[in-house]
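The structure appears below as structure tokens.
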Amino acid sequence: MGEPVATPSEIVRLDHVVKRFGGITAVNDVSFAVATGEIHAVVGENGAGKSTIMKMLAGVHLPDAGTLLLRGDPVVISDPLDARRRGISIVFQELNLFPHLSVAGNVFANRELSGAGRLLDERRMVAETRHILDEMGVELDPRTKVGKLAVGEKQLVEIARALQQESDIVIMDEPNSALNAAESERLFDLLRRLRDRGITIIYVSHRLEEVFAIADRITVIRDGRYQWTRPIAETTIPDVIAAMIGRRLEETFPDRQPVDPAARVVLEVRGLTCPPTVGPIDFAVRSGEIVGFAGLEGSGIDETLHVLFGLGKPTGGDVVYRGQEGGRPTSPFDAIRQGFALIPANRREEGLMTGWSIRRNASLCVLDDLLDRVGLIDRTLERNLADGYVRQLSVTTDSIDKRVVNLSGGNQQKVVVAKWLATEPTVLILNDPTRGVDIGAKSEIYALCDRLARGGMALLFTSSEIEETLGVCDRVLVFYKGRIIRSIARGEASKADVMHWVAGGVIPEVVEVEVAQELDPRLPTA
Amino acid sequence: MNGSSAGASAAKSPISPSAPRMLLRRLGAIDEIGVIGAIVLLSVLLAILVGDTFLSTNNFVNVSRQASYVGIMAVGMVFVIAMGDIDLSVGSIWMLSSVSMAIALREELPIWLAVLICMVVATLCGLLNGALSVWLRIPTIIVTLGTLSLFRGLGLVVSNATPVSGYNLETWFFEWIGGRDPVFGIWTSVWAMVLVGIAGWLLFTRSAFGRRVQAIGSNLQAARFSGVRIGRYRIMVMALMGFIVGIAAVVALAFNRNGSPTVGVGTELYVIAATIIGGTALTGGSGSVLGAILGAIIIQLIQNGLALLAVPPAWSTAVTGIVIIVAVTLDYLIKRR
């Protein structure tokens, strides 16, 4: 681990900073410095700890150990208001704006200007907002309601708010995950101009292409630890990827037998397009095959999966299901009846009734099959169903009447799986099934995918962790900006390749070899 | 649900609890124990304070009968609230369907047809509530706030704002269903409450319908992902609410004899209060049919007690409100513990 590059004027320095949440150390002994007036990118994988670091700078979290230095002085940033007073503004991923207020109302939120008689001085606030927006080179009416703005424009309002407070440090947390190319370009332009005015920008992202387009220096965080900081000119994307990935606890992926090329094509998607800019998407899945989707948020994966489960309407294209054209489910009810099952990404919000028992969750999708002669739910059938899946999936619990809120993340996810296996699906869609699940349960889920595919089920699999998608699937489709840009067979590409592709980059052959070597577990750590 | 978790914790306890403590645990595991306790407490209190007048058969019959209308409607309200919705228009549905039936009788339609008209009007009112809410994407609290006035207004129009009467009372309907016979007639509405209660309890706890209703109230998004047809269910539940109000309207008209345009004013609040006192969470997801009926009995006991204690009617309303707040707060505190 190298020492941070010495700079003439540091505005922010982290000195051996530690942050723990429960038993998990999210930020582990991190030290680095940000220079005045630079655009400093902080990169790392999901869960690497970059957002936690930013939240400490923004006063949301207090460090458990170590010191934050601001302009050379050690400081305790006690809350977000304190951070703002010290000149730090943060533009969060999920924007913190008031949709019912105007642009000016948002820029001055909680610091409203008042005139005579303690009434709001609307005119002055609008004028000052207009002045700030003009300086930013943004054409936006300060009186527009923020709820009516596009995402990119909302981001500009956040920045205007930071400027109104005369912040000299602006933190952008994953700013452009929802922006289109033109909006991104405009944002970059603005950030460069702000930098030239002496404002320091800390830019958090995992889109390396964009980081290399905008940043002056880059800091890599991996598994809560600082890796290195380098000027952008002295590093390359493959270097950064290698530093981001490193080596981690090995998960065990099952061996896959090659899929029988004569197996029936269960599902075929032809020219599917959906709003805003997804498609045309084409792919086919055979019985017994696990097809993976790799891509960043907004790449079109969620939209595609939702259409297949009847949750969204496409604008064009066709779904051929079991040889039938026009087989697109029109609602989740229809999807389930046809044999689709979706294990959703967000277990607590979309997957489970957390206050319900395991039994009631497991039976929810198949209640109609559990009725007795009178038409009431047969309690024995229901118990047998839940008991069977608890045993089959080895859910750790003392009773099927235990409420799922009292189960661990891994066991909760198994209940979701049970609920969907009970529908005996033909096509099982798994959207990030191992999120918030411990390693043991992860391996069990991988093994289960393999077992289900062997039994003839067709699986669609996507995960926020690329190595997982690569380890589980027979074939991985790479999504980028609403299109499938590549289809790779099992073992054909490394994680570094795929990380590059999902970010829209193309890796030259030579570099590919280097990265592969760095990933070789036999070599010592850099 | 609660029963098993309490049982599990009792089994884990290292010291074997004594018999009375076991009994207490068992009782504590019954969801409706708070409401039952409150009824016992109120009854004992009134028996001591008022004595014979409270304990007389006559008074008992009165309390039960008056509680039964709210009790019947509260069974429907359990479904509505457990689904995460609310129906403020039940008092007006009662009035409109009741007046419609009285007019049908005055026009000398057969009794069965008049009853049918009452039920259809009430069910359609509920259906309209549900359909407006689902199709126009307006919360039911807003829709039914509107139909609260709409239905009552329609009732006033068709009845000319005067009680509808002048039909033959010497029929089986008024003689038997609404009779003053101390053995059968006088209990009709209580029997109706018991039957609606049993049917509602089965539907709520043991049917796929009830399970899905609770799924919607428990987690709307997850219910959608689980293939529950939410719009359809919301309309069905609001229509069911109307249908159940129709039942209350029929038995009430049989006893009251004329179609009064003032019937059911403010009843929605008692129905909602009974449901919540009975342990149905306003946040949705769970509920108790038995509790709702017991809640209706509590409200009636309080009003009866205050009347017997010669508290002026104006005060009686205020005190009822206080008791509702206390009951719900106590229930909340006990469950939070």
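Below, read A as the first sequence line, B as the second, and so on, with proteins coming before strands; counting in each chain starts at 1.
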Does [X] [atom1] have over 12 foreign heavy atoms under 6.0 Å away?
{"X": "Q392(A)", "atom1": "CD", "value": "yes"}
{"X": "I141(B)", "atom1": "CD1", "value": "no"}
{"X": "F243(B)", "atom1": "CZ", "value": "no"}

Open item on the list: What's the separation between atom CH2 in W356(A) and atom OG in S286(B), rounded to the nearest 0.5 Å?
Closed with: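 So the gap between those two atoms works out to 10.5 Å.
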
Task: Interface residues of residues 299-315 of chain A facing chain B - heavy atom cut-off under 4.5 Å - done: H306(A), F309(A), L311(A)

Task: Proximal to chain B - members of residues 335-353 of chain A, heavy-atom separation under 4.5 Å - done: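 Contacts with chain B: I336(A), L342(A), P344(A), R348(A), E349(A), E350(A), G351(A), L352(A), M353(A).
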
- [ ] Could you check which of T354(A), D368(A), L364(A), L371(A) has the highest count of heavy-atom pairs closer than 4.5 Å to chain B?
- [x]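 Maximum pair count with chain B is reached by D368(A).
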
Task: Residues of residues 197-210 of chain B contacting chain A, heavy-atom criterion under 4.5 Å, by residue number - done: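 Residues of residues 197-210 of chain B touching chain A at under 4.5 Å: L202(B), R206(B), S207(B), A208(B).
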
Task: Within residues 211-225 of chain B, residues adjacent to chain A where the heavy-atom gap is under 4.5 Å - done: R211(B), R212(B), Q214(B), A215(B), S218(B), N219(B), Q221(B), A222(B), A223(B), R224(B), F225(B)

